[in-house]
Chemist: 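Structure incoming, see below.
What's counted below: heavy atoms across the whole structure, side chains too, no hydrogens, waters or symmetry copies. Order of the sequence lines sets the chain letters (A, B, ...), proteins ahead of strands, with each chain counted from 1.
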2 protein chains.
Amino acid sequence: MNSAEPDNRGAPASESIAEALRALILEGSLGPDARLPGEQELAQRFGVSRPTLREALKRLAAQNLIRTRRGAAGGTFVNRVGWEEAREQLAATTTLLVSTTPIDAEPLAEARLTLLLACAPLACARRREAHLAALQAEIAFAEAPDTDDRAFCASDVRFHRVLGEATDNPLLALHLAGAVEAVQPLLNMLSYRMRDRAAILVRHRAIAERLEARDSAGMATELEALAAYTLALVREAQKLRAARRTPKAGDAD
Amino acid sequence: MNSAEPDNRGAPASESIAEALRALILEGSLGPDARLPGEQELAQRFGVSRPTLREALKRLAAQNLIRTRRGAAGGTFVNRVGWEEAREQLAATTTLLVSTTPIDAEPLAEARLTLLLACAPLACARRREAHLAALQAEIAFAEAPDTDDRAFCASDVRFHRVLGEATDNPLLALHLAGAVEAVQPLLNMLSYRMRDRAAILVRHRAIAERLEARDSAGMATELEALAAYTLALVREAQKLRAARRTPKAGDAD
DNA sequence: GGGCGATAATTGTCTAACAAATGCGCGCTT
DNA sequence: AAGCGCGCATTTGTTAGACAATTATCGCCC
């Protein structure tokens, strides 16, 4: 009646308590925006001290499952997990993975292209005016002369996100956006020259045009061309970096 | 020289400290399996007390970024994030999302099918004997008479995971597996009848056969057939459930 | 030389208290 | 009587020190 299960095979109390609360939340006993009891009461219920219980709560907070507010009407509340938050978390996980794992740029670009190709038919079939407008807005933003490389890259990510959203399938859009958001910064460690940007924008315009015409096959062709161009850019940058390293082997790191 | 940035706009200390450490880990200053200083020293460095610092560490632990071990040679260590862990986390996030968000089965099934179709050409081109063997193993496991619904569903998930791995693209496999793992339990809230299982296994065998023959188009056809069948099953189950509800509106919950 | 116990290092947990924020209501003022 | 501001209660955030539990290591004894 107090601490759910006594112990999870010697796991720290804060961990098993976090899992117990997590199960409660997922089970549906606590709907979104529901308020949990105060920390003192929770601590008593689980039979631990307040700092220990707080560690458990912080674990859940780190997973975006709960939020806390101080003050009189404060407390701990169950978070509503929306598509936005999920996308961010998904992108964070994937980003961490690809940035700490030795992997070539080629499979990353290939994965991005493959997901985009998968979305193309659905996007062409279901796109609405708002999607076309969003695409045009990103193109306009990206071709502005005062857009720096960082902003250009972010806009590029958003451009592809709109393509996912045009499928009208939130789960599909979620995974596409997560992958693109994680891959793009890796592919963009090079800083674009202006003519590279222009070439990319040409591709983007063509893609938007094919989407407007609901021409799925043509869109696939353009997506492949864009992927090929991006990959060529990355390869070129890698070759340059390698060439800069080989002639003078002992320069200042 | 002590606490990195003083405060993140009034955010709790444990949160900003967690973010600071997270940045340190991601920045690469602390490689995998690196040992962090002890809690006391860290607390002094960040200018907080040990419980507060521990809350920060628990946040990171909840994200699988660190692990802790007690004892003399214990401490806090940076976790190596592998494809397995990422897949689990990705599946957990997506599962939480789709299980707390009102969404029809149809887009879920569509997303799954779309991702599988995207993987099909690559999988056919690159599959190895090990993949075919893994597929056959899952088929054999699934058709065993003592396999219950739970195990059947898990095997189904693994079957699709192998399809993703056959693309030889870990990022693609990651997202496919994450989506399938999250969607499958939702589609399988119904318990399969034996003839449903048999029909699914027929499809699985056909898919494995098309993969072996490197017949991408044929595989796509089979995948679509499987998706259509699965969706029909779900629809039928939903209709049954709805029909059971309408005639007697006030029965016992 | 090998097994075994003391030991030290380190995380896990507890207790008690204070600080800070925040909504609410009371009382003061107009 | 109405409006405004100040205190107060509630709740999370943080601190301090101490003890418990665990585990590798080193020295001691056989």
Chemist: Could you state the CG-P distance from B:Leu57 to D:dT14, rounded to the nearest angstrom?
Modeler: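 Checked: the CG to P distance equals 14 Å.
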
Chemist: Would you tabulate the pairs of protein nitrogen or oxygen atoms and nucleotide nitrogen or oxygen atoms of nucleotides 3-6 of chain D closer than 3.5 angstrom?
Modeler:
none

Chemist: Which angle, to the nearest 10 degrees, lies between the helix axes at the two ends of the helix from C:dG1-D:dC30 to C:dT30-D:dA1, each defined by five pairs?
Modeler: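 About 20° separates the two local helix axes.
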
Chemist: Donor-acceptor pairs are to be reported for all side-chain atoms of residues 132-141 of chain A against protein atoms at under 3.5 Å, with residues two or more places apart or in another chain.
Modeler:
residue, atom, partner, partner atom, Å
A:Glu138, OE1, A:Ser155, OG, 2.8
A:Glu138, OE1, A:Arg158, NE, 3.4
A:Glu138, OE1, A:Arg158, NH2, 3.2
A:Glu138, OE2, A:Arg158, NE, 2.9

Chemist: Tell me whether B:Arg59 is salt-bridged to B:Glu55, with the criterion being a basic N under 4.0 Å from an acidic carboxylate O.
Modeler: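 So B:Arg59 does not pair with B:Glu55 through a salt bridge.
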
Chemist: May I ask you to decide whether A:Glu181 forms a salt bridge with A:Arg161, counting only side-chain N to carboxylate O separations under 4.0 Å?
Modeler: yes

Chemist: Output, in order, the C-alpha distance, side-chain angles, deciding distance and verdict of side chain to side chain contact (heavy atoms under 4.5 Å, CB included) for B:Arg22 and B:Gln63.
Modeler: CA-CA 10 Å; B:Arg22 190 175 200 280; B:Gln63 297 176 315; 3.6 Å; yes

Chemist: Please state how far atom CZ in A:Phe77 lies from atom P in C:dG23, giving the value in whole angstrom units.
Modeler: 11 Å

Chemist: Salt bridge check, B:Asp33 against B:Arg67: does any charged N sit closer than 4.0 Å to a carboxylate O?
Modeler: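 Salt bridge present between B:Arg67 and B:Asp33.
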
Chemist: For A:Ile103 versus B:Pro170, what's the shortest heavy-atom pair and its separation?
Modeler: CD1-CG, 3.9 Å

Chemist: Tabulate atom names and distances for all N/O pairs under 3.5 angstrom spanning the protein and nucleotides 10-14 of chain C.
Modeler:
residue, atom, partner, partner atom, Å
C:dT10, O4', B:Gly71, O, 3.1
C:dT11, OP2, B:Glu39, N, 3.2
C:dG12, OP1, B:Thr68, OG1, 3.1
C:dG12, OP2, B:Arg54, NH1, 2.8
C:dG12, OP2, B:Arg54, NH2, 3.4
C:dG12, OP2, B:Lys58, NZ, 3.2
C:dG12, O4', B:Arg70, NH1, 3.0
C:dG12, N7, B:Arg50, NH2, 3.3
C:dG12, O6, B:Arg50, NH2, 2.8
C:dT13, OP1, A:Ala13, N, 2.5
C:dT13, O4, B:Arg50, NH2, 3.0
C:dC14, OP2, A:Ser49, N, 2.8
C:dC14, OP2, A:Ser49, OG, 2.8
C:dC14, OP2, A:Thr52, OG1, 2.8

Chemist: Only distances under 3.5 Å count here; give the side-chain donor-acceptor pairs of residues 90-97 of chain B to other protein atoms, sequence neighbours excluded, each with its distance to 0.1 Å.
Modeler:
residue, atom, partner, partner atom, Å
B:Thr93, OG1, B:Gln89, O, 3.1
B:Thr94, OG1, B:Leu90, O, 2.8
B:Thr95, OG1, B:Ala91, O, 2.6

Chemist: Please report the closest heavy-atom contact between A:Ala105 and A:Val234, naming both atoms and the distance.
Modeler: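 Nearest heavy atoms, A:Ala105 then A:Val234: CB-CG1, 3.6 Å.
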
Chemist: Identify whether the distance between the nearest side-chain nitrogen and carboxylate oxygen of B:Arg45 and B:Glu39 falls below 4.0 Å.
Modeler: no

Chemist: A:Thr101: which residues meet the side-chain hydrogen bond (donor to acceptor under 3.5 Å, both in side chains) condition with it, sequence neighbours left out?
Modeler: none

